[in-house]
Amino acid sequence: MKDNSTGNETTTRWVLSGLILILALTALGALFRTEAAQEPVSAGPPDPVLLEDLVLANRILSQEGIVDGFGHVSVRHNANPERFLLAGGVAPELVTADDIVEYDLEANPINLGESGQYLERFIHSEIYKARPEVQAISHNHSPAVVPFSVSSVPLRPIYHMSSFIGEGIPVFDIRDIFGGTHMLVSDQMRGRALAETLADRPAVLMRGHGVSVVGVNVKFAVGRSIYLEINARLQTQAMSLGGDITYINMEETEAFLDEAGEGLGYERPWSLWKLHAMEQ
């Protein structure tokens, strides 16, 4: 009788190989479908006023010397809190409405143009993720503020317009967590660590790098960035005089912030900053 065992084994191997191939293709197709389903969807066109304010915020921070060719400011999308708007790799003074990119909270671009992306977009995505009340974020290399990021001297409120500093601004030292790096917050893990250091404060210093400032709207993020720079200059001047310095205390801070909610915010200087920015 003829032995068919070899042929049967070959047939079995072909059948198994075919099944494995089918399963692999099915799994691969499911993976592609899952990835496609997870692609971020646009929240739609933002409020035109919000878009205009974001463009102006970039121009204002530039004209006030808070940013130069580097730095960026973002706003949370008005139609979806899981989206935010940020310029795409453009020097702040040159930002136009056409440069604005929509992102999800994983820092994935939804409508990326030709201008590229900021490496540190994760500053924005992770802070928005951690702080639902935050509606705008400014990251800058404010010249007078940077020295306080590397000194044991804390940045403290020295005049009423910087009362928001309150109990102080924490310092994020990327080296403590990630060792020697290029100092940029260029991924989610670094962005998350920065957001944890920020906690519930209005700003966080970044050792040897700059500062990230948050606000309930873009005017607050811009105003705080400007007055943080002014406060740093004034504090440095006061310290150079020698002797004791009288800082704004928490009772005064709370009183000022209570009044700020009644109209002592940034509307008045914003109008002036906007006028100057539009003249450029």
Would you say that [X] contacts [Y] through its side chain, given a criterion of any heavy-atom pair below 4.5 Å between the two side chains?
X	Y	value
R83	R76	no
M239	V153	yes
I169	P202	yes
W270	D53	yes
I110	V41	no
H141	M206	no
L155	L228	yes
R131	V214	yes

query: Does the ring of F178 carry R190 above it, NZ/CZ under 6.0 angstrom from centre and within 45° of its axis?
result: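 Satisfied, under 6.0 Å and within 45°.
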Judged by atom type as modelled, is there a donor-acceptor pair below 3.5 Å linking the side chain of [X] to the main-chain atoms of [Y]?
X	Y	result
R121	N108	no
R59	M278	no
Q235	R156	yes
S151	F148	no
R201	G168	yes

What are the two closest heavy atoms between [X] and [Y], and how far apart are they?
X	Y	value
P46	L85	CB-CD1, 3.6 Å
P40	P109	CG-O, 4.3 Å
V145	V211	CG1-CB, 4.3 Å
G65	P143	O-CD, 3.8 Å
S163	P157	CA-CB, 4.3 Å
V55	A97	CG2-N, 3.6 Å

As an exercise, state the distance from [atom1] of [X] to [atom2] of [Y], rounded to the nearest 0.5 Å.
X	Y	atom1	atom2	value
H77	E82	NE2	CD	12.5 Å
Y266	Y227	OH	OH	7.5 Å
I127	L105	CD1	CG	12.0 Å
I100	N58	CD1	CG	6.0 Å
F84	K129	CZ	NZ	9.5 Å
S212	L205	OG	CG	9.5 Å

- prompt: Distance only, no hydrogens: is a donor on one side chain within 3.5 Å (strictly under) of an acceptor on the other, for Y103 and S74?
  reply: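 No, S74 and Y103 have no side-chain donor paired with an acceptor closer than 3.5 Å.
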D98 side chain to T96 side chain, donor-acceptor N/O pair below 3.5 angstrom: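 There is no such pair (donor and acceptor under 3.5 Å, judged by atom type) between the side chains of D98 and T96.
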Indicate if [X] and [Y] have the same hydrophobic cluster label, given that clusters are the connected sets of ILVMFWY residues with side-chain heavy-atom separations under 4.5 angstrom.
X	Y	answer
L61	L51	yes
V95	F70	no
I60	L94	yes
V204	F122	no
M250	I245	no

query: Would I248 and Y159 count as a side chain to side chain contact (heavy atoms under 4.5 Å, CB included) if you check the C-alpha gap in whole Å, the side-chain angles of each, and the deciding distance to 0.1 Å?
result: CA-CA 6 Å; I248 303 294; Y159 83 133; 5.5 Å; no
query: Which residue, V222, N217, V218, forms the side chain to side chain contact (heavy atoms under 4.5 Å, CB included) with F220?
result: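 Single side chain to side chain contact (heavy atoms under 4.5 Å, CB included) partner of F220 among V222, N217, V218: N217.
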Is the number of heavy atoms from other residues, nucleotides or ligands within 6.0 Å of [atom1] ([X]) greater than 12?
X	atom1	result
E93	CD	no
E279	CD	yes
E167	CD	no

Worked check of side chain to side chain contact (heavy atoms under 4.5 Å, CB included) between F172 and E196: CA-CA 9 Å; F172 172 69; E196 289 173 356; over 6 Å; no
field: R233 with E229: basic N within carboxylate O range, under 4.0 Å
entry: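 The answer is yes: the pair qualifies as a salt bridge.
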task: Check the pair H139 / H209 against side chain to side chain contact (heavy atoms under 4.5 Å, CB included), numbers first and verdict last.
output: CA-CA 10 Å; H139 168 63; H209 182 164; 3.2 Å; yes
task: Go through the steps to decide whether V185 and E126 satisfy the test side chain to side chain contact (heavy atoms under 4.5 Å, CB included), and finish with yes or no.
output: CA-CA 10 Å; V185 180; E126 293 301 318; over 6 Å; no
